[in-house]
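Working notes, structure below.
Nothing fancy with the numbering, it's 1 onward along the sequence. Worth saying up front: this structure is predicted, and the values here are computed from it rather than measured.
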Amino acid sequence: MGVVGLDHVQIAIPAGGEDAAREFFAGLLGMAEVPKPSNLSSSGCWFGSGSVAIHVGVDPDFTPAGKAHPALLVDDLAELRQRLDEAGFETRDDKPVEGYARFFTCDPFGNRIELMQRL
């Protein structure tokens, strides 16, 4: 018995933020929006790409995650950084991690997101 994988990561957004989440996760990061089960809350939205799933949920007491974050592997970090910069999202380098190129950004709500590419 034990953990065998990771199903999804959930991040919180303020009420009414779904369209901005779609623009960020689908529009800029290139993830696909996937349908939520009909028995769950109609607020929020889900995204997927390959084996990665991000569930975006509305929190009425929303506070952005400044330290906790998902780290997403991408196939062209330089292109993604350029797209984020051109869209007005700050990108920040951090200490190197062996075997990866990486940087941090925030989603439209201030949640910290790490983007990484294997070298």
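Judged by distance alone, the side chain of R83 and the main-chain N or O of A78 form no donor-acceptor pair under 3.5 Å. Panel note: side chain R102, backbone L115; no donor-acceptor pair is recorded below 3.5 Å. Using modelled atom types, one side-chain atom of K36 and one backbone atom of S41 make a donor-acceptor pair closer than 3.5 Å. At least one donor-acceptor pair under 3.5 Å links the side chain of T105 to the backbone N or O of E90.
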F47/V56 under side-chain contact (heavy atoms from CB on, under 4.5 Å): CA gap, chis, key distance, verdict: CA-CA 8 Å; F47 301 93; V56 177; 3.8 Å; yes
F24 and F89: CA distance, side-chain angles, deciding distance, ring pair (Phe, Tyr, Trp, His ring centres under 6.0 Å) verdict: CA-CA 10 Å; F24 183 79; F89 288 89; 5.2 Å; yes
Criterion side-chain contact (heavy atoms from CB on, under 4.5 Å) on V52 and V9, from CA distance to verdict: CA-CA 8 Å; V52 176; V9 171; over 6 Å; no
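By the rule that hydrophobic residues join a cluster once side-chain heavy atoms approach within less than 4.5 Å of another member, L6 and I11 end up as members of one cluster. Cluster annotation: I54 and V58 are assigned to the same hydrophobic cluster (Ile/Leu/Val/Met/Phe/Trp/Tyr, side-chain heavy-atom contacts under 4.5 Å, transitive). Each of M116 and L80 belongs to its own hydrophobic cluster when Ile, Leu, Val, Met, Phe, Trp and Tyr are linked at side-chain heavy-atom distances under 4.5 angstrom.
D94 CG to F103 CZ: the interatomic distance, rounded to the nearest 0.5 Å, is 12.5 Å. The distance from atom CG of D107 to atom CG of L28, rounded to the nearest 0.5 Å, is 11.0 Å. Rounded to the nearest 0.5 Å, atoms OH (Y100) and CG (L119) are 9.5 Å apart. Within the model, atoms OG of S49 and CZ of F25 stand 12.5 Å from one another, a figure rounded to the nearest 0.5 Å.
The two residues A53 and D7 make their nearest non-hydrogen contact at CB-O, 3.6 Å.
Taking the six-membered ring for Trp and thresholds of 30 and 60 degrees, H55 and W46 have nearly parallel ring planes, at less than 30 degrees apart.
Counted within 6.0 Å of CG on D75, heavy atoms from surrounding residues, nucleotides or ligands total 12 or fewer; the atom is thus considered open.
The side chain to side chain contact (heavy atoms under 4.5 Å, CB included) test with N111 is passed by exactly one of C106, P64, P70: P64.
Using a 4.0 Å cut-off between charged side-chain N and carboxylate O, R81 and D93 make a salt bridge.
Geometric assessment of R112 against the ring of F104 yields a positive cation-pi assignment under the 6.0 Å and 45° thresholds.
The stretch residues 12-29 participates, sequence neighbours left out, in these side-chain hydrogen bond (donor to acceptor under 3.5 Å, both in side chains) pairs: D19-R22, R22-E33.
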